[in-house]
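Below, each value reflects all heavy atoms present in this structure, side chains not excepted, and no hydrogens, waters or symmetry copies. Every value quoted in this text rests on a predicted model; they were computed, and no experiment measured them. Within every chain, numbering begins at 1; the chains are lettered A, B, ... in the order of the sequence lines, protein sequences first and strands thereafter.
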Protein chains: 2
Amino acid sequence: MNRKTAWQISFHASAELHNGGPGAHRAMTTVARSSRYRRQSDTGLSRMEIMEGAALCFEAHGYSATSIDEVAARIGSTKGRVYHHYASKAELFLDVYRTGMTMIFEAIEPYLEAELPAVDRLRSVLKAHVLCVIRTKPFQNVVSQGVDMLRHGTMPAKEHAELAHLARLRDAYSDHFLTVLEQARAEGAIDYRNIKIALNSVFMCINGPIVWFTPRDNQSLEDIDLLAEECVLYAIRLLGVTDERPARTHPRPTHEGATA
Amino acid sequence: MNRKTAWQISFHASAELHNGGPGAHRAMTTVARSSRYRRQSDTGLSRMEIMEGAALCFEAHGYSATSIDEVAARIGSTKGRVYHHYASKAELFLDVYRTGMTMIFEAIEPYLEAELPAVDRLRSVLKAHVLCVIRTKPFQNVVSQGVDMLRHGTMPAKEHAELAHLARLRDAYSDHFLTVLEQARAEGAIDYRNIKIALNSVFMCINGPIVWFTPRDNQSLEDIDLLAEECVLYAIRLLGVTDERPARTHPRPTHEGATA
DNA sequence: ACATGAACATACTGTAGAGTATGTTGTCAA
DNA sequence: TTGACAACATACTCTACAGTATGTTCATGT
């Protein structure tokens with residue numbers, strides 16, 4: 001149970017911390033914890049570990065059906081630890097939400113300014129989006145829930161500040177796609193009627209894996225890549241493109257300057 | 001608040017009762033209730049009214065964040081009435097779930113056996129699906145939640161019987177689409193790689209309105225029809241169809257034999 | 001015309017879980 | 001080395017409901 005293949009998230013054991021804050025540059029490798037209690041400087045790692053557990057729980061039963069005790073149990077801990085890092089369940093949720101947004105933002109960013117025809121840029125961005133969605137599925141699921149909660153005006157409230165900020169982030173993300181769509185149409189490469197409906201349909205397609213994707217332990221990175229490629233293909237076709245060449249993405253934007 | 005345009009659900013005031021049972025053939029028009037208490041034979045209507053309120057609440061906050069008191073309040077009633085008709089919150093949810101499934105099943109059924117090329121049958125079925133989704137949005141949202149709960153093994157349990165039945169229904173529905181897809185491909189009209197991914201993508205598109213559609217009070221039936229047509233267009237394009245002629249659907253399968 | 005039971009409303013109980021208060025263990029700076 | 005504080009664990013409180021028990025109103029068969 002709870003198996004995890006290599007390409008899936010396990011950010012508390014990786015070098016990528018999206019929260020900034022102290023401890024963000026630590027622990028390149030997972031060190032077996034010596035003591036029961038963690039060092040002060042690792043608070044960033046601790047928060048990320050909590051968020052991963054929370055994301056998995058939220059994904060499984062949704063926000064309100066998830067108890068803090070369950071989140072704690074999932075990472076072999078207790079309430080105390082969670083409430084030491086987060087003031088409330090809502091704050092934890094919002095942090096997962098924001099982190100998920102940051103992840104996918106950073107995933108597509110390298111491809112937004114490429115010197116390519118708009119359609120090809122679109123292809124690249126969509127591909128990057130889908131790959132990120134698959135890798136960080138629990139987080140993106142929480143993002144979906146968050147968007148839904150905004151839409152329905154639900155939400156524990158009280159943290160309207162962070163909420164509004166996240167809403168603006170979401171809009172900014174969406175706007176990037178709107179822009180590329182308009183450019184691609186101007187270049188005569190794609191076609192749609194109502195751009196909002198078109199964009200929504202594209203999003204439904206490329207976010208599909210959030211709902212229907214189930215990791216199989218025998219599938220390789222290439223399998224995942226093919227799967228993502230197919231999602232992109234359908235999303236692009238939907239816009240009236242008949243040309244079938246694959247998306248152009250770098251193997252993986254590498255942050256480490258280390259030599260292989 | 002809580003405005004409702006003509007084409008939206010209000011089944012307790014319509015002749016269509018999907019639960020069978022006594023009272024299913026009653027009350028063609030909404031009669032202002034004379035008394036505080038309802039007639040015995042109207043239990044079917046009462047249940048449908050409860051289900052509508054429940055569907056709206058479930059759609060707004062999800063299953064576990066919805067309280068029975070809230071559902072009751074929404075229809076200007078109290079807990080007592082809900083628990084008189086349903087043994088538990090889970091049973092209520094499942095009834096909404098099943099009713100939603102029945103609705104969309106009945107919506108597409110008339111088009112499944114049409115003597116047409118598979119693509120055109122597909123077009124008709126998709127169109128009928130989208131139109132139904134829009135008209136019965138809260139119910140279809142609950143269906144989505146139900147499918148999710150099945151997927152994650154969540155669910156109040158105890159009612160495994162009804163649960164398994166609903167799962168089979170869902171599969172049967174999906175199978176209809178699988179069949180049409182295979183036929184259309186055999187006829188050389190559409191194209192896909194992995195049929196599961198293709199089908200999932202199609203479903204994401206045509207179920208999109210469950211998520212992003214918001215009823216505007218100035219939009220007419222024709223507006224809705226155009227919107228649905230556009231959704232179908234994208235879903236069809238996604239399968240490699242370039243031909244743009246619209247779906248062929250009867251105005252609305254009419255159950256009443258009455259003269260206009 | 002009355003008795004029975006359906007269709008509710010009202011009043012209560014029990015509990016899960018969010019949040020808190022406090023105790024315990026280790027770190028680290030001086 | 002020690003004391004102050006971060007990082008937790010443990011034990012508690014308090015409230016929002018799910019579910020129940022009971023009371024009230026009316027319809028309907030006899």
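Between B:T43 and C:dA6 there is no side-chain N or O to OP1 or OP2 distance below 4.0 Å. The side chain of A:H85 places no N or O atom within less than 4.0 Å of a non-bridging phosphate oxygen (OP1 or OP2) of D:dA6. Put simply, B:S77 has no side-chain N or O that comes within less than 4.0 Å of OP1 or OP2 on C:dC8. Considering only side-chain N and O atoms, A:S46 lies nowhere under 4.0 angstrom from the phosphate OP1 or OP2 of D:dA7. Taking only side-chain nitrogens and oxygens, A:H84 comes nearer than 4.0 Å to OP1 or OP2 of D:dA7.
By the side chain to side chain contact (heavy atoms under 4.5 Å, CB included) test, B:L150 is found to be paired with B:Y97, B:L163, B:A167, residues two or more places apart in sequence or in another chain being considered. Checked against side chain to side chain contact (heavy atoms under 4.5 Å, CB included), A:E109 has no partners two or more places apart in sequence or in another chain. When the side chain to side chain donor-acceptor pair (under 3.5 Å) test is applied to A:T136, the partners found at least two apart in sequence or on another chain are A:Q140. By the side chain to side chain contact (heavy atoms under 4.5 Å, CB included) test, A:A172 pairs with A:F105, sequence neighbours left out. For A:K89, there are no salt bridge (Lys or Arg N to Asp or Glu O under 4.0 Å) partners, not counting sequence neighbours. When the ring pair (Phe, Tyr, Trp, His ring centres under 6.0 Å) test is applied to A:F58, the partners found at least two apart in sequence or on another chain are A:Y63, A:F93.
One interatomic measurement links the two molecules: CD1 of A:I75 to P of D:dA7, which rounds to 14 Å at whole-angstrom precision. What separates CG of B:L45 from C1' of C:dC8 is a distance of 16 Å, to the nearest Å. For the pair A:R81 CZ and D:dA11 P, the computed distance is 19 Å after rounding to whole Å.
Residues A:T5 and A:Q8 have side chains that bring a donor and an acceptor to within less than 3.5 angstrom of each other.
Salt bridge present: A:D95 and A:R98 bring a charged side-chain N and a carboxylate O closer than 4.0 Å.
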TODO: Would you mind building the protein contact string for nucleotides 14-19 of chain C? One character per nucleotide, 5' to 3', B for base within reach (heavy atoms under 4.0 Å), S for sugar-phosphate only, - for untouched.
DONE: ---SBB
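Consecutive Watson-Crick or G-U pairs involving DNA chain C, each under 3.5 Å on both distances, make up stems of three or more pairs at C:1-30 with D:1-30.
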Atom pairs and distances, side-chain donor-acceptor, residues 207-215 of chain A, under 3.5 Å, sequence neighbours left out:
residue : atom : partner : partner atom : Å
A:N207  : OD1  : A:H129  : NE2          : 2.8
A:N207  : ND2  : A:F203  : O            : 3.4
A:W212  : NE1  : A:G208  : O            : 3.4

